[in-house]
**Q** 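Just passing along the structure, written as structure tokens.
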Amino acid sequence: MARAMTRTLPKIYDPAEVEPRLYRWWEKRGFFHAEPDDPGEPFAIVLPPPNVTGGLHIGHALVASVEDAMIRHARQSGRNAVWLPGTDHAGIATQNVVERLLADEGVSRHDLGRERFLERVWAFVGEAGGIIQHQHRRLGTALDWDREIFTFDEQRSRAVREVFCRWYDQGLIYRGYRLINWCPRCHTALSDIEVDHVDEQGELAELRYPGSDGADGVVVATTRAETMLGDTAVAVHPDDERYRDLVGTTVLLPLVDREIPVIADDHVDPEFGSGAVKVTPAHDANDWEIGQRHDLPAVNIFTEDARVNEQGGPYEGLDRFEARRKVKDDLDARGLLVGVAPRTHSVGHCSRCRTIVEPRLSDQWFVKMTPLAEPAIAAVRDGRTRFIPERNAKTFLAWLENLHDWCISRQLWWGHQIPAWYDRDGNIHVRRTDPTPDEVAELGLQRDPDVLDTWFSSQLFPFVNLGWDGEVTDTLELRTWYPTAVLETGYDINTFWVSRMLMAGLSMMGDVPFRVVYNHGMVRDGEGKKMSKSFGNVIDPLEFIDRYGADALRFALLRASTAGQDAPLAEEWVEGARRFANKLWNAARFVLLAVGDTAPALQEPAPDALALEDRWILSRLEDVRTDVDRAMEEWDLGRVARSLFHFTWDEYCDWYLELAKLRTGDEAQTADGDAARWTLRHVLDQAMRLLHPLMPFLTEEIWRTLHAADDATTIQLSPWPAPAPSRRDAAAESQFAALVEIVTELRRFRSDHALPPSRKISVIAVAPPARRALLTGALDGIRRLSGVDDWGFTDEVAIGGPLGHVAVDGADLYVPLTGLIDLDEERARLQRELERARGELARARGKLANDAFVSRAPADVVQAERDKLAEWNAVAERIGAQLQTLFGE
RNA sequence: GGGGGCGUAGCUCAGCGGAAGAGCGCUCGCCUUACAAGCGAGAGGUCGCAGGUUCGACACCUGCCGCCCCCACCA
């Protein structure tokens with residue numbers, strides 16, 4: 001290479017060197033930071049705050065990949081884009097993790113006391129938060145770190161308290177004695193959605209409760225025999241003839257010898273079992289309702305650990321499963337166990353520790369959902385917030401329309417403590433500020449020890465992240481970036497988080513918090529299996545980044561994804577993405593070699609100075625640009641990835657680059673060479689910009705090298721490729737398609753005859769004048785790509801010796817065979833070709849023979865079919881002729 | 001019980017009312033001066049089954065079958 005090489009790239013792309021270096025520079029230059037008064041249409045995304053319970057997993061990597069792509073694309077498109085980071089204190093989850101750590105040291109949180117325990121948690125959270133930040137940096141996220149928050153920091157705590165007080169003042173928050181889901185291990189109440197229901201094999205036991213008068217009484221059925229200790233009635237259907245006489249009498253509850261009434265209630269299904277139901281108001285949601293209707297006492301038989309309490313008499317101290325067995329045994333001994341049958345039923349588990357939850361009566365705080373849900377329902381209905389995929393809106397609405405009140409109090413230590421105090425008389429004081437010592441003394445105030453469900457604070461994320469804390473409610477940030485553009489998250493937390501943000505946003509801000517909810521799928525392993533520790537198929541993002549680079553991991557995740565559909569990720573996918581990165585890297589190396597120092601001087605060539613392949617690749621670039629824009633609008637990043645993958649690799653690298661080599665050699669200091677150099681460089685530049693949202697590091701490195709960019713210049717702020725409709729060139733595309741066909745067919749000919757690349761062939765082409773003229777311009781390329789050293793046109797074939805034959809669209813190519821190949825093989829090959837042509841021919845004929853098709857299908861479709869018929873007809877004839885010539889067949 | 005998703009090449013998945021696609025895997029041939037982490041060629045699918053709509057269905061409709069999720073107060 002005669003030209004001085006001022007900019008070169010190593011042969012193998014090394015993400016481990018490039019990525020950390022670029023990220024440090026990006027951050028130092030503040031490219032990720034946005035101010036509300038920056039120019040451009042506002043575009044904000046809040047990062048779903050990861051729990052500070054440990055490191056990020058592969059699902060977070062998908063979140064980061066998708067959102068980073070959205071943010072980078074928005075910024076390149078000139079929008080005032082900000083991506084707001086934060087972490088979630090994750091009340092119960094974090095407390096559990098720290099308690100486990102303490103258990104390893106042989107200490108319980110009670111040994112430490114509330115204050116010291118919280119110190120421990122804060123220390124843990126500091127470490128975990130640091131790990132998460134580091135992981136996000138490794139992933140390349142363009143997060144505005146200056147705006148990072150924590151859901152339990154001071155400002156957010158003020159906001160939480162304000163929202164609690166406002167809702168309390170509005171009557172939306174209340175304290176009530178209700179049946180809630182209780183985790184006997186975590187020792188706290190849970191909301192309905194923190195309970196996972198799993199079908200389990202159990203036993204349906206039929207128990208006899210004798211009449212108080214010594215009569216037979218009734219038979220009831222239950223999967224939880226131990227709860228009979230807390231029964232306070234037996235219910236039957238009001239219209240059930242069998243029990244008409246029993247209603248109003250009492251039966252004797254065995255083992256505890258309590259007289260309980262037989263009542264009539266519509267809720268009972270007379271078809272089920274005996275038609276009589278035991279009623280345990282303190283331990284079953286249905287029974288609680290029945291109890292309310294009939295004013296029944298509720299007897300709580302369990303401790304906080306789900307052991308039988310003093311109400312259980314001889315069973316006191318047994319855990320619920322031991323009690324279940326013993327109750328059945330004892331009833332059996334008395335002849336009161338009528339039957340036992342296996343039965344699968346749905347059992348609720350604590351979503352945090354998998355312990356079976358226990359319905360428990362207790363005083364808790366609740367949010368009234370209906371008044372909050374109504375505006376949210378309206379917002380989704382009228383499209384102020386849209387869902388992608390759309391179908392998720394349906395599920396979402398169904399959920400919102402059937403909400404129970406939300407239990408928000410947790411008997412934990414780690415979390416926002418409820419701002420409520422009780423005085424000596426039991427009155428509740430909900431306060432925005434802590435009481436003074438005087439007030440405490442005067443009223444005998446005691447603070448409610450409970451904390452809030454962690455989702456109570458994360459639901460405020462989209463506006464507390466922009467400065468809202470109840471005192472400050474109007475910031476430039478809020479006015480600029482609220483509502484945020486899109487909320488991107490897995491569909492699995494639509495109920496936990498998305499719904500509540502929507503309600504809280506509408507309630508506090510009077511507007512939706514985001515215009516679009518984009519749901520990505522769950523990441524699965526290469527076999528489509530859910531990732532879980534017990535399968536041993538979990539993937540650590542950092543490990544993959546170490547091995548393949550962040551760009552490769554990101555690209556692999558995006559390429560496999562379709563909105564709302566679960567995405568598989570196997571190591572081979574990431575490996576493949578790394579190969580893609582390396583491919584682009586080497587394409588860039590070639591372009592730099594070819595362009596060299598002429599780059600700054602290169603002017604866009606006049607249209608007539610462009611060669612066919614230039615016009616073709618520029619036209620294709622425009623096609624791809626259009627497709628990428630459209631896919632971006634539809635938030636379809638998988639399509640963006642696939643489209644660019646195909647364009648850069650299969651078209652730019654495999655065809656354009658190969659052809660450009662012919663024109664950019666040392667001696668090619670011509671206008672044509674410059675046209676090739678300009679096109680090479682232009683397409684690479686544009687491709688890097690289009691790809692940047694998906695592969696930020698690689699594209700930045702290549703782009704900066706290509707432009708010899710200074711320290712202040714980044715691809716992130718380079719304009720997104722603008723529409724260039726004049727580049728679209730249908731003629732060039734179809735002409736190039738002909739070139740591709742010829743080259744491919746000749747290569748196939750060579751491959752069929754096992755001709756090594758070093759073995760050049762000659763071609764004698766027969767084509768009508770128009771076709772010949774068209775091909776002439778592409779001839780050098782064709783010859784190079786198909787290993788032809790001698791190409792001639794002729795009107796008719798008159799060459800001595802046998803000729804191989806290759807039929808392409810509108811031309812016949814003859815290859816002198818003497819000394820080249822085996823004639824029998826050529827014969828077999830031609831016969832295969834003929835077979836294929838005949839197949840196509842038959843298909844087209846069949847279609848055209850159908851009158852209905854010809855008369856009713858659109859004219860252009862029919863015409864296209866006629867053209868195909870003619871083409872294949874000609875091909876078949878030509879192959880036939882060649883067989884005739886060569887073999888007399 | 002209700003709602004939803006999926007069934008396309010050996011594997012994982014795109015796609016789509018007018019001539020079946022990708023990645024990986026497989027076969028054959030190549031160190032062709034950006035890349036062997038590469039290049040070229042190829043094998044391999046009655047698009048789950050059955051009906052229907054249509055000139056035309058892998059695609060739209062209906063019903064089955066098989067996997068998978070979510071919701072629900074299944075004693």
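Note on naming: letters A, B, ... go to the chains in the order of the sequence lines (proteins, then strands), and numbering restarts at 1 for each one. Worth knowing before you read on, the calculation uses all heavy atoms, side chains too, and leaves out hydrogens, waters and symmetry mates. Given the structure is predicted, the values throughout are model-derived calculations rather than measurements.
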**Q** Using the C1' atom as the point on both nucleotides, what is the distance between B/G51 and B/C26, in whole Å?
**A**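 Those two atoms are separated by 38 Å.
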**Q** Across the strands shown, which category fits A/Glu289 at heavy-atom distances under 4.0 angstrom: base, sugar-phosphate, nothing?
**A**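 The residue A/Glu289 makes no contact with any strand.
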**Q** So, OP1 or OP2 of B/G56: does either fall under 4.0 Å of a side-chain N or O from A/Arg856?
**A**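 Checking A/Arg856 against B/G56: no side-chain N or O falls below 4.0 Å of OP1 or OP2.
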**Q** Less than 3.5 Å between a donor and an acceptor, one on the side chain of A/Glu206 and one on the base of B/A75, is that the case here?
**A**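 Not at all, since no donor on one side and acceptor on the other fall under 3.5 Å apart.
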**Q** To the nearest angstrom, how far is A/Glu701 atom CD from B/A34 atom P?
**A**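 A/Glu701 atom CD is separated from B/A34 atom P by 21 Å.
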**Q** Within the sub-3.5 Å range, which N or O atoms of nucleotides 51-53 of chain B have a protein N or O partner, and how far apart are they?
**A**
none

**Q** Examine the base of B/C35 for any acceptor or donor lying under 3.5 Å from a partner atom in the side chain of A/Lys11, and report the outcome as yes or no.
**A**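 When only heavy-atom distances are counted, A/Lys11 does not reach the base of B/C35 through any donor-acceptor pair under 3.5 Å.
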**Q** Under 4.0 Å between a Lys/Arg side-chain N and an Asp/Glu carboxylate O for A/Glu226 and A/Lys328?
**A**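 No, no charged N to carboxylate O under 4.0 Å.
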**Q** Does B/G40 have OP1 or OP2 sitting under 4.0 Å from an N or O in the side chain of A/Arg750?
**A**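 For B/G40, neither OP1 nor OP2 has a side-chain N or O of A/Arg750 closer than 4.0 Å.
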**Q** Looking at every strand, decide which applies to A/Val268 at a 4.0 Å heavy-atom threshold: base, sugar-phosphate, or nothing.
**A**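 Result for A/Val268 = base.
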**Q** Below 4.0 angstrom from OP1 or OP2 of B/A19, is there any side-chain N or O of A/Lys868?
**A**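 Yes, A/Lys868 has a side-chain N/O under 4.0 Å of OP1/OP2 on B/A19.
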**Q** Only counting residues at least two apart or in another chain, list the ones meeting salt bridge (Lys or Arg N to Asp or Glu O under 4.0 Å) with A/Arg293.
**A**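 With sequence neighbours excluded, A/Arg293 shows a salt bridge (Lys or Arg N to Asp or Glu O under 4.0 Å) to A/Asp265, given in chain and number order.
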**Q** So, is A/Lys847 close to the B/C55 phosphate, meaning a side-chain N or O under 4.0 Å from OP1 or OP2?
**A**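 Looking at the OP1 and OP2 atoms of B/C55, neither is under 4.0 Å from any side-chain N or O of A/Lys847.
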**Q** Scan A/Thr744 against the nucleic acid and name what it touches under 4.0 Å (heavy atoms): base, sugar-phosphate only, or nothing.
**A**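 Counting heavy atoms under 4.0 Å across all strands, the contact made by A/Thr744 is with sugar-phosphate only.
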**Q** Looking at A/Glu358 and A/Arg320, is there a salt bridge between them, counting it only when a charged N and a carboxylate O are closer than 4.0 Å?
**A**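 Counted as a salt bridge, because a side-chain N and a carboxylate O are separated by less than 4.0 Å.
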**Q** Which whole-number value in Å describes the distance from A/Arg747 CZ to B/A41 P?
**A**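 After rounding, the gap between these two atoms is 5 Å.
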**Q** Show me, range against range, the stems involving RNA chain B, built from at least 3 consecutive Watson-Crick or G-U pairs below 3.5 Å.
**A**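 Only these stems qualify: B:1-7 with B:65-71, B:10-13 with B:21-24, B:26-30 with B:38-42, B:48-52 with B:60-64.
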**Q** Using atom C1' of each nucleotide, how far apart are B/U8 and B/G44 to the nearest Å?
**A**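 Straight-line distance between the two C1' atoms is 14 Å.
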**Q** So, is A/Arg559 close to the B/U12 phosphate, meaning a side-chain N or O under 4.0 Å from OP1 or OP2?
**A**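 So the side-chain polar atoms of A/Arg559 never come under 4.0 Å of the phosphate oxygens OP1 or OP2 of B/U12.
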**Q** State whether the distance check finds a donor on one side and an acceptor on the other, under 3.5 Å, for side chain A/Trp872 versus base B/A19.
**A**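 Yes, a donor-acceptor pair under 3.5 Å.
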**Q** I need the CD-P distance between A/Glu575 and B/G23, as an integer number of Å.
**A**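 After rounding, the gap between these two atoms is 15 Å.
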**Q** Once you round it to whole Å, what is the distance between P of B/C68 and CE of A/Met522?
**A**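 After rounding, the gap between these two atoms is 18 Å.
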**Q** On a whole-Å scale, what distance lies between the C1' atoms belonging to B/G45 and B/G7?
**A**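 Looking at atom C1' only, B/G45 and B/G7 are 14 Å apart.
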